[in-house]
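So the structure is just underneath, and the comments pick up after that.
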Amino acid sequence: VTGVQTCALPISQAGCAMGCGFCATGQAGFDRHLSVGEIVEQVIQARRTSAPRRVSNVVFMGMGEPFANYERVWSAVERIHGDIGISARHITISTVGVAPGIERLAAEALPVNLAVSLHAANDDLRNELVPLNRRYPLAALEAACQRYVAVKRRRLSLEWALIDGVNDRSGDAVELAAISRRLRAHVNLIPLNPTPGYATRGTSPEGVRAFRDHLRSL
């Protein structure tokens, strides 16, 4: 149907060096950074294959950490905005929590959106799930996010991969509610997909709904 919108999800790296154990890409390790052209070409190909639907949104997520390839990613953002014509307000960069990258993003001219793959709202659990948290703990991450929100006045999204018995408990909901309230953030709950390298399963659909309802009640 002509005019129906769709979303392009360009990746920024081949592989990923962040080492999150529950992530299939993290288990596979890092190969290389993608070039500006390789990143932009993904959006061009998405436009071609989705026609007559219109690519209205671009989200840098999936394989790789965009802020680990910052210069090329930002150059790609500028080309997607300036040459392809997608508004900065319809471009989102997702990060696992590279605080200096968030600070740099806050200083850029284009008001792109930010999503943070949080997955845990206390340092002990996040250190286990997201090794980068040992370098940029939650206090530093939250401070960078606060600056981004204050400068850009854009809504922040917090991504939370729900893992059965790991981060889907009542206390996890309480901690997530607290940080999302402080950051005035949108929360995106994502049931974890199974991978051969991570034995713990994702939260069941019933568990996801229960966690969502508990989160809303707080």
Identify the heavy atoms of [X] and [Y] that sit nearest to each other, and give their distance.
{"X": "R47", "Y": "S50", "value": "O-OG, 3.4 Å"}
{"X": "I39", "Y": "A76", "value": "CG2-CB, 3.6 Å"}
{"X": "A46", "Y": "A8", "value": "CB-CB, 3.8 Å"}
{"X": "Q13", "Y": "G64", "value": "OE1-CA, 3.2 Å"}
{"X": "E159", "Y": "S94", "value": "OE1-OG, 3.1 Å"}
{"X": "V59", "Y": "C7", "value": "CG2-SG, 3.7 Å"}

Is it true that [Y] and [X] share a donor-acceptor pair across their side chains at a distance under 3.5 Å?
{"X": "T195", "Y": "Q27", "value": "yes"}
{"X": "N122", "Y": "E175", "value": "yes"}
{"X": "D172", "Y": "N167", "value": "no"}
{"X": "T203", "Y": "D164", "value": "no"}

Worksheet item: Is there any side-chain hydrogen bond (donor to acceptor under 3.5 Å, both in side chains) pair reaching into residues 77-88, and which pairs are they, with sequence neighbours excluded?
Response: W74-E78
Decide yes or no for [X] and [Y]: does some side-chain heavy atom of the first lie under 4.5 Å from some side-chain heavy atom of the second?
{"X": "R155", "Y": "N113", "answer": "no"}
{"X": "I179", "Y": "L118", "answer": "yes"}
{"X": "L192", "Y": "V166", "answer": "no"}
{"X": "L162", "Y": "I190", "answer": "no"}
{"X": "D168", "Y": "I163", "answer": "no"}

Worksheet item: Can you check side chain to side chain contact (heavy atoms under 4.5 Å, CB included) on L176 and V187, steps first, answer last?
Response: CA-CA 9 Å; L176 174 56; V187 175; 3.9 Å; yes
Kindly work out whether a path of hydrophobic side-chain contacts (I/L/V/M/F/W/Y, heavy atoms less than 4.5 Å apart) joins [X] to [Y].
{"X": "L125", "Y": "V116", "answer": "yes"}
{"X": "V36", "Y": "I84", "answer": "yes"}
{"X": "I80", "Y": "L9", "answer": "no"}
{"X": "V40", "Y": "V55", "answer": "yes"}

Fill in: Between CE on residue M61 and OG on residue S157, distance to nearest 0.5 Å
10.0 Å
Worksheet item: When rounded to the nearest 0.5 angstrom, what is the spacing between CG in N133 and SG in C20?
Response: 10.0 Å
Worksheet, complete the sentence: Paired with I102, the side-chain contact (heavy atoms from CB on, under 4.5 Å) test is passed by just one of I93, L156, L141, namely L141
Would you please name every residue forming a salt bridge (Lys or Arg N to Asp or Glu O under 4.0 Å) with [X], sequence neighbours left out?
{"X": "R104", "answer": "E71"}
{"X": "R154", "answer": "none"}
{"X": "R32", "answer": "E38"}

Discussion item. Using the rule given for side chain to side chain contact (heavy atoms under 4.5 Å, CB included), can you reason through L114 versus T95, listing the C-alpha separation, both sets of side-chain angles and the distance that settles it, and then say yes or no?
Written reply: CA-CA 8 Å; L114 174 66; T95 177; 3.9 Å; yes
Discussion item. Can you list everything that forms a ring pair (Phe, Tyr, Trp, His ring centres under 6.0 Å) with Y148? Sequence neighbours excluded, please.
Written reply: none
Practice prompt. Could you list the residues that satisfy ring pair (Phe, Tyr, Trp, His ring centres under 6.0 Å) with F22, not counting sequence neighbours?
Written response: H119
Discussion item. Go through it in stages, so that I can follow the logic: the residues are T6 and R54, the test is side chain to side chain contact (heavy atoms under 4.5 Å, CB included), and I'd like the CA-CA distance, side-chain angles, deciding distance and then a yes or no.
Written reply: CA-CA 6 Å; T6 188; R54 180 173 64 90; over 6 Å; no
Please output the side-chain donor-acceptor pairs of residues 205-218 that fall under 3.5 Å, not counting sequence neighbours, one pair per line with the distance.
{"residue": "E206", "atom": "OE1", "partner": "S204", "partner atom": "OG", "Å": "3.4"}
{"residue": "H214", "atom": "NE2", "partner": "S170", "partner atom": "OG", "Å": "3.0"}
{"residue": "S217", "atom": "OG", "partner": "H214", "partner atom": "O", "Å": "2.6"}

Among pairs that include at least one residue of [range], which meet salt bridge (Lys or Arg N to Asp or Glu O under 4.0 Å), considering only residues two or more places apart or in two chains?
{"range": "residues 9-18", "result": "none"}
{"range": "residues 132-151", "result": "E103-R147, E142-R182"}
{"range": "residues 116-133", "result": "none"}

Worksheet item: Quick check: does any side chain N or O of N69 sit under 3.5 Å from a backbone N or O of P66, one acting as donor and the other as acceptor?
Response: no
Worksheet entry | Intermediate values then yes/no, side chain to side chain contact (heavy atoms under 4.5 Å, CB included), V98 and Y136 | CA-CA 7 Å; V98 182; Y136 306 117; 4.2 Å; yes
Worksheet entry | Pairs meeting criterion ring-ring contact (aromatic ring centres under 6.0 Å, His included) with involvement of residues 30-68, two or more places apart | F30-H33, F67-Y70
Worksheet entry | Non-neighbouring partners of I11 that pass side-chain contact (heavy atoms from CB on, under 4.5 Å), sequence neighbours left out | L34, Q42, M63
